[in-house]
Amino acid sequence: MPLALLALAVGAFGIGTTEFVMMGLLPDVADDLHISIPTAGHLVSAYALGVVIGAPLLAAVTARMSRRTVLIGLMVLFVVGNALSALAPGYDSLLAARFLSGLPHGAFFGVGAVVATNMVAPERKARSVSLMFLGLTVANIAGVPVATLMGQHLGWRATFLGVSAIGLAAIASLALLIPHDHDSAPAVGLRGELAALRSLPVWLALGTTVAGFGALFAAYSYVTPMLTDSAGFAESSVTLLLALFGVGATAGNLLGGRLADHSMRGTLFGGLASLGVVLLFFPLLMSAAWSAALAVALLGMAAFVTGSPLQLMVMEKASAAPSLASSANQAAFNLANAGGAWIGGLALAAGFGVTSPAVAGAALAVLGLGVAGVAYGVDRRRQAPVAGRERIVAAHVPEQSGALHH
């Protein structure tokens, strides 16, 4: 695998850290800025909104720029957004800075996935994407806990300065390691990128992402009360248990990349089915401490097995112009985050119990399997006429005479 994938992973590590660290810093930010914790929670939403808007917008705006330049420029914007977060004098300016920090997130992963797959042989494409995503999953194991501790002991502003330093390291890595053959602008341009989004298979792939990862976030958004109220863990133990989720996600991400290179659709179906089973048994697993810890790790593994094949499927369906579709898939991930959390919250509000969001997530996993099945059927129907024409043409090609062979 090319060393340049390390540069993409460093950028993904910084993005993953800044995305998830705010959850652990909400009490500190609320105390410092004299706001309520629910109001501080809007800082998480502002970042997610930035991702959803920025992913397709920045991919479209930069369609005529070289992908190497785009990646470096996106990390510069990432550093600026986090530095402004550290220096924000009040809540409104911090809200704006968090929105700005989220803008490059989706486009970086989208364009980065295109660059990663272009640097490897076709049979290693999914693995290259999984190695870029490795930075995101490792951030949940190391980056977020360390950044949270830094914020608790040195102040939350120090956390965002630290994340800015990671961004600077990513810029240096990208400049040094991304090959200069990515300096030329893509030939397709904005019109071609937009044309790719008119494809039904692309939208079915994006729908699978929304449903599949919505299943994850329906449960994960409420995993803390499940662990404390159902499994009986102390609140001080939750951070360590969430690191187990990161371990499972990292293992699932690497496994999914390897399996998807052999069978992309088989890995996707298997991952969604596994996710549905884990979520269905979540209430039972949350009845004891040891099984609850196992459930958290299995949740991360089952969900992230599908990460690489979902990203690769979107890019494959928009193969002529993959950057915008690949970035749109990152917006779909964040829509899944918001939508899954909302659906899980409905189950809680309806009084179905603290573990009910997991059952709602299982239903979303089944929905994801259904959408993936429809996408498979559409692909088969589109390929069938082509295969039929090839058979007809082959049947009418006359055999050449023996004289021509001599």
Open item on the list: Using the ring centroid of each side chain, check whether Tyr220 and Phe245 are separated by less than 6.0 Å.
Closed with: yes

- [ ] May I ask you to check whether Phe213 and Phe304 place their ring centers less than 6.0 Å from one another?
- [x] yes

TODO: Might you work through the side-chain contact (heavy atoms from CB on, under 4.5 Å) test for Leu348 and Ser356, ending with a clear yes or no?
DONE: CA-CA 6 Å; Leu348 275 178; Ser356 61; 4.3 Å; yes

Are the side chain of [X] and the backbone of [Y] linked by a donor-acceptor contact shorter than 3.5 Å?
X      : Y      : answer
Asn334 : Gln330 : yes
Arg68  : Ala175 : yes
Arg157 : Ala88  : yes
Thr137 : Leu134 : yes
Ser85  : Leu94  : no
Tyr91  : Ile35  : no
Ser287 : Leu284 : yes
Ser173 : Ala7   : no
Thr62  : Met65  : no
Thr228 : Ala234 : no

Does [atom1] belonging to [X] count more than 12 external heavy atoms closer than 6.0 Å?
X      : atom1 : result
Arg258 : CZ    : no
Phe281 : CZ    : no
His153 : NE2   : no
Tyr376 : OH    : no

Where do [X] and [Y] come nearest, in terms of heavy atoms and distance?
X      : Y      : value
Met75  : Ala170 : CE-CB, 3.8 Å
Ser326 : Val114 : CB-CG2, 4.3 Å
Leu3   : Leu177 : O-CD1, 3.7 Å
Thr267 : Gly256 : CG2-O, 3.9 Å
Ser101 : Asn82  : OG-N, 3.4 Å
Ala295 : Met286 : CB-CE, 4.4 Å

TODO: Output, in order, the C-alpha distance, side-chain angles, deciding distance and verdict of side-chain contact (heavy atoms from CB on, under 4.5 Å) for Val144 and Leu242.
DONE: CA-CA 10 Å; Val144 174; Leu242 294 184; over 6 Å; no

[Y] and [X], any side-chain heavy atoms less than 4.5 Å apart:
X      : Y      : result
Leu84  : Phe160 : no
Ile343 : Leu364 : yes
Leu131 : Leu254 : yes
Val314 : Thr208 : no
Ile53  : Phe99  : yes
Val129 : Phe133 : yes
Leu299 : Phe282 : yes
Leu255 : Leu259 : yes

If you round to the nearest 0.5 Å, how far is [atom2] of [Y] from [atom1] of [X]?
X      : Y      : atom1 : atom2 : value
Asn118 : Ser128 : CG    : OG    : 9.0 Å
Leu57  : Ser327 : CG    : OG    : 10.5 Å
Phe109 : Leu136 : CZ    : CG    : 4.5 Å
Leu285 : Leu298 : CG    : CG    : 7.5 Å
Leu268 : Leu310 : CG    : CG    : 5.0 Å
Leu100 : Leu77  : CG    : CG    : 5.0 Å

Task: Audit row: Glu316, Met264, side-chain contact (heavy atoms from CB on, under 4.5 Å) steps and yes/no - done: CA-CA 11 Å; Glu316 183 184 86; Met264 181 180 67; 3.5 Å; yes

- [ ] Could you please spell out the steps behind the side chain to side chain donor-acceptor pair (under 3.5 Å) verdict for Asn253 and Ser130?
- [x] CA-CA 6 Å; Asn253 173 54; Ser130 73; 4.8 Å; no

- [ ] Could you point out which residue of Thr117, Thr306, Asn329 forms a side-chain hydrogen bond (donor to acceptor under 3.5 Å, both in side chains) with Gln311?
- [x] Asn329

TODO: Sort out for me which residue in Arg98, His105, Glu19 forms a side-chain hydrogen bond (donor to acceptor under 3.5 Å, both in side chains) with Tyr47.
DONE: His105

Task: Working for side-chain contact (heavy atoms from CB on, under 4.5 Å), residues Asp32 and Trp156 - done: CA-CA 9 Å; Asp32 186 51; Trp156 61 269; 3.0 Å; yes

Open item on the list: With no hydrogens and no angle check, just 3.5 Å: does a side-chain donor-acceptor pair link Ser308 and Arg127?
Closed with: no

